[in-house]
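Each residue takes its place number in the sequence, starting with 1.
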Amino acid sequence: KKINVLLMGATYKENCNDLRNSKSLEIFKILKKKKHEVHFFDPNVNQKKLGKIVFTKKPRKNFYDGIIISVGHTVFKKMGLNKILKYGKKNCKVFDIKNLFPNQKGIINL
């Protein structure tokens with residue numbers, strides 16, 4: 001089954017637009033190698049494309065099987081977990097790598 005993943009955050013650190021040395025790009029490559037559909041969402045990045053990576057301006061609602069919050073941007077915190085969860089399908093798995101939403105039901109903090 002093809003899995004749709006929303007990767008939230010592309011920069012190498014919070015609240016900047018610098019993509020150099022970003023670990024999120026490595027996560028993207030791993031997921032693409034496994035043939036998953038990956039949408040990159042980072043409001044701090046002004047680019048529309050970076051090589052084969054296309055950035056989405058607005059994630060789709062009720063579309064993603066998995067959501068990975070890989071950068072702790074303030075804009076993601078302000079969005080709130082409820083809005084982020086609306087991007088996922090009913091049984092969507094949310095991985096909060098940066099622990100933006102600690103001790104919240106329904107997400108996995110790494």
Non-hydrogen side-chain atoms of [X] and [Y] separated by less than 4.5 Å:
| X | Y | answer |
| --- | --- | --- |
| L85 | C92 | no |
| C16 | Y12 | yes |
| K89 | N62 | no |
| Y87 | I67 | yes |
| V45 | L19 | yes |
| V54 | K48 | no |
| F95 | I69 | no |

[X] [atom1] to [Y] [atom2] distance, which is reported to the nearest 0.5 Å:
| X | Y | atom1 | atom2 | value |
| --- | --- | --- | --- | --- |
| D18 | K13 | CG | NZ | 8.5 Å |
| K86 | K61 | NZ | NZ | 6.0 Å |
| S70 | F40 | OG | CZ | 6.0 Å |
| E37 | L6 | CD | CG | 11.5 Å |
| H73 | K78 | NE2 | NZ | 13.0 Å |
| T74 | E14 | OG1 | CD | 8.0 Å |

I need the single residue from I30, D65, L31 that forms a side-chain contact (heavy atoms from CB on, under 4.5 Å) with H36. Which is it?
L31
Side-chain heavy atoms under 4.5 angstrom apart, residues restricted to Ile, Leu, Val, Met, Phe, Trp, Tyr: same cluster for [X] and [Y]?
| X | Y | result |
| --- | --- | --- |
| M8 | F28 | no |
| V5 | L25 | yes |
| I84 | I108 | no |
| L7 | V94 | no |
| M79 | I68 | no |

Is the number of heavy atoms from other residues, nucleotides or ligands within 6.0 Å of NZ (K23) greater than 12?
no
Evaluate side-chain contact (heavy atoms from CB on, under 4.5 Å) for D96 paired with L110, printing each intermediate quantity in order.
CA-CA 6 Å; D96 183 5; L110 301 174; over 6 Å; no
Give the minimum heavy-atom separation between [X] and [Y], together with the two atoms involved.
| X | Y | result |
| --- | --- | --- |
| V38 | K32 | CG2-CD, 3.9 Å |
| V71 | T11 | CG2-O, 3.3 Å |
| T56 | F41 | O-CD1, 3.4 Å |
| Q47 | F55 | O-CD1, 3.6 Å |
| L81 | F101 | N-CE2, 3.6 Å |

Looking at K29 and E26, is there a salt bridge between them, counting it only when a charged N and a carboxylate O are closer than 4.0 Å?
no
Ring centroid separation H39 to F63 under 6.0 Å:
yes
Donor-acceptor check, side chain of D42 to backbone of A10, threshold 3.5 angstrom: yes or no?
yes
For N109 and N99, which I'm curious about, is there any donor-acceptor pair between the side chains at under 3.5 Å?
yes
